[in-house]
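First comes the structure, then the notes that go with it.
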Protein chains: 2
Amino acid sequence: MAATLRDVAELAGVSIKTVSNVVRGYQHVRESTRATVLAAIAETGYQPNLSARSLRIGRSGVIGLALPELALPYFAELAGAVIDEAKAAGVTVLVEQTGAELDAEHGVLRSPTRQLTDGLVFSPLAMGQDDVDRLDVDYPLVILGERIFDPACDHVVMDNVEGARAAVAHLVAAGCRRIAAVGAHLGEEQGSAALRLRGYREALEEAGLPYDEDLVGYVGMWHRVDGAEAMRALLARGIEIDGVFGMNDTLAFGALRALQDAGRRVPDDVRVIGFDDLDETRYTAPSLSTVDPGRLEIARTAVRVLLERIAERAAGGEPSPPQRYTTGFRIVERESTRAR
Amino acid sequence: MAATLRDVAELAGVSIKTVSNVVRGYQHVRESTRATVLAAIAETGYQPNLSARSLRIGRSGVIGLALPELALPYFAELAGAVIDEAKAAGVTVLVEQTGAELDAEHGVLRSPTRQLTDGLVFSPLAMGQDDVDRLDVDYPLVILGERIFDPACDHVVMDNVEGARAAVAHLVAAGCRRIAAVGAHLGEEQGSAALRLRGYREALEEAGLPYDEDLVGYVGMWHRVDGAEAMRALLARGIEIDGVFGMNDTLAFGALRALQDAGRRVPDDVRVIGFDDLDETRYTAPSLSTVDPGRLEIARTAVRVLLERIAERAAGGEPSPPQRYTTGFRIVERESTRAR
DNA sequence: TTGAAAGCGCTAACAC
DNA sequence: GTGTTAGCGCTTTCAA
């Protein structure tokens, strides 16, 4: 059986309070006592029981991270960054996948698991304006990546509209006039897809180009296969296309392949840009231009804000009002939009 | 404050035992009582305190998953599968990254976090034969993906040697005679890299081809960049190469790009095969042939075995001896090795 | 500086 | 079928 405080105390000939003091790094312990206790700890291999500590102090040192799925590289890279940040702060991360399904997204907010985590970093995909009330929960919650209007919690957002606008403007600057958008979600108004579509429209408008519904490729998810299929469907329409805005990099990757299969040369005939700056964009042929949304900054900010909220709540007192944190982005030009 | 059993009991006018019975689905509760209690639970919004339950019963319903890093797509897809499997069994997953560093791999085995998880699924990369003693821990542990000889715990392995052998044999069958291996680790004897290199050598031998150290590309990690750099280095040697075995798909992806940059046509001049069957291999140009190691089966087996161990230990009694589970693989032929 | 003891919320043995 | 109660291992007041 694992050793407890009591075992260590007995072995060291002190009370459990003294052992606890040593374990928790309390200052006022006589050096000789501390040494005795540390020896006893080493001998028994004592490790604090975190469930007991958690029950007692009301915090577990675990935060939750809920995201659509790790099979989407963007979320995998994000999760990796969140876990690293959390670890640096001495906190561990419990990861849950929602599959971007509305029920699962609601579920994760009320899951019994929330009793085990001190707070949640949540990247919703299916939830929209109608669900904003559900975000009014009684534990620290940080929302990622969406611009849901005025939720009752902190949120860390990338500037989806501006990023998309810049991406499409980049295509325009490269000479594109018939730019397809791949990755729209039918009927969506608040999610990343809707916001990036808005950025696309704004960029067209600024450039004096017409918005043509025939140039919009609708998809279910944002996997590579969806990008490829949407692109094929667009090409099948037989309309002229000289630029493609993939709403994320995996879509753009799939679209790139579909273009090449159809005999279109990239960037000569069609220029392509994605969104996310995934590692894989550096290695496609041609490499993909993209929007770097500062994934690391998002992860870092989310963890920091969440831990601040957890600390604030532990300290008692009035919570400060929820805030929105917007991270910067930058266009990364690679071969897929390079002028010849 | 969150409601407790006592609050619910008071509201329902019963004892906490009865509430506990209802919560835990105990059969022998009068229907009317159950209804009253359920109403009280709904009214108070009661959720069981998992730390308290965990402290009491000695299990948390959380398992740990330790892997090199989520930024490696193989591990991201694996983690996603593990989380899904665990969820289906009513268990949540705490994810830790080791960065493939030896200290971190040792650390994860002794981390205080282990006090919070009922068991661990661990995919080591840096650990070798010298470290096998460390795997003799006092909690349920399942090792993934390595063929460490006779560890004192269960392990689920893919057949690295056979898979690699088949991959290289596939290249040989396609007519390759000068086959480079990209992804070897200098001095490694037990890890995936060593095993896949062994499979490479065996396949050459079977084909009556000489093993040429000049055809082996050594790398640090298995990222795309490592594959690209190793391939460039190989090409810089000026030796003849008509086939490339990437020890995983990301390496192969990087190598593919490096080949193309050097003006080599794939598969015309050089054929390329990878390992892992990542989604991205379907979309590169040309698409990458690879070895499908049955990631889903690995995840499923690992979670099943771990949960069985946890149950076994909860039931008391003698534990059964540790077992090795080997999953099957299959060659996936795509464009990068297709005959013209 | 150290010790005694209460109690976090839950489960389960035992009593009725 | 339901109630009483001990105790899981820890932190923390309060006393000494």
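The sequence lines fix the lettering, A, B, ..., with proteins before strands; numbering per chain opens at 1.
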Which pairs count as side-chain hydrogen bond (donor to acceptor under 3.5 Å, both in side chains) when at least one residue sits in residues 42-53 of chain B, sequence neighbours excluded? A/Ser54-B/Ser51
Between B/Glu10 (CD) and C/dC10 (P), how many Å, whole number? 13 Å
Donor + acceptor pair across side chains of A/Arg114, A/Ser111 (<3.5 Å): no
I'd like a list of close polar pairs between nucleotides 12-16 of chain D and the protein, N/O only, cut-off under 3.5 Å.
| from | atom 1 | to | atom 2 | distance (Å) |
| --- | --- | --- | --- | --- |
| D/dT12 | OP2 | A/Arg24 | NH1 | 3.1 |

The complete set of side-chain hydrogen bond (donor to acceptor under 3.5 Å, both in side chains) pairs with one or both residues in residues 67-82 of chain A, sequence neighbours excluded, reads A/Glu69-A/His223, A/Glu77-A/Arg295
Selection residues 299-308 of chain B - residue pairs positive for salt bridge (charged side-chain N to carboxylate O under 4.0 Å, His left out), sequence neighbours left out: B/Glu85-B/Arg300, B/Arg304-B/Glu308
If the cut-off is 4.0 Å, is B/Ser51 near the phosphate of C/dC8, judged by side-chain N/O to OP1 or OP2? no
Quick one: list whatever passes salt bridge (Lys or Arg N to Asp or Glu O under 4.0 Å) with A/Glu10, sequence neighbours left out. none
Counting C-beta onward and ignoring hydrogens, is there a side-chain heavy-atom pair between A/Pro68 and A/Ser123 closer than 4.5 Å? yes
Touch check for B/Thr33, heavy atoms < 4.0 angstrom, all strands: base, sugar-phosphate only, or nothing? sugar-phosphate
At what angle, to 10 degrees, do the two end axes of the helix from C/dT1-D/dA16 to C/dC16-D/dG1 meet, given five pairs define each axis? 40°
Measure from the side-chain heavy atoms of A/Leu5 and tell me the nearest of C/dT1, C/dG9, D/dC10. D/dC10
Could you tell me whether the side chain of B/Leu307 reaches within less than 4.5 Å of the side chain of B/Val91, counting heavy atoms only? yes
Judged by each residue's nearest nucleotide on DNA chain D, which is more toward the 5′ side, B/Ala52 or B/Val14? B/Val14
Given atom CZ of A/Arg6 and atom C1' of C/dA4, what is their separation to the nearest angstrom? 11 Å
Euclidean distance, atom CZ of residue A/Arg53 to atom P of C/dC10 [Å, nearest integer]: 21 Å
If only side-chain N and O atoms of A/Arg30 are considered, is one of them under 4.0 Å from the OP1 or OP2 phosphate oxygen of C/dT1? no
Less than 4.0 angstrom between a side-chain N/O of B/Thr18 and OP1 or OP2 of D/dT2, yes or no? no
Just to verify, what does A/Glu31 make a salt bridge (Lys or Arg N to Asp or Glu O under 4.0 Å) with, not counting sequence neighbours? A/Arg34
Between C1' of D/dG1 and CD of B/Glu31, the distance in whole Å: 13 Å
May I have the distance from B/Ile41 (atom CD1) to C/dC10 (atom P), rounded to whole angstrom? 10 Å
A/Ala79 meets the side-chain contact (heavy atoms from CB on, under 4.5 Å) criterion, sequence neighbours left out, with A/Leu65, A/Leu67, A/Leu70, B/Leu70
Presence of A/Thr4 side-chain N/O under 4.0 Å of D/dG9 phosphate oxygens OP1/OP2: no
Pairing residues for B/Glu312 by the salt bridge (Lys or Arg N to Asp or Glu O under 4.0 Å) criterion, not counting sequence neighbours: B/Arg309
To the nearest Å, how far apart are A/Arg59 CZ and D/dC10 P? 17 Å
Under 4.0 Å from any atom of DNA chain C, heavy atoms only: list the residues of residues 108-115 of chain B that qualify, in numerical order. none
Could you work out, with salt bridge (Lys or Arg N to Asp or Glu O under 4.0 Å) as the rule, every residue matching B/Glu105, not counting sequence neighbours? none
With A/Ser60 via side-chain hydrogen bond (donor to acceptor under 3.5 Å, both in side chains) - residues at least two apart: A/Asp118
Tell me which nucleotide among C/dC10, D/dG9, C/dG3 gets nearest to the side chain of A/Asn49. D/dG9
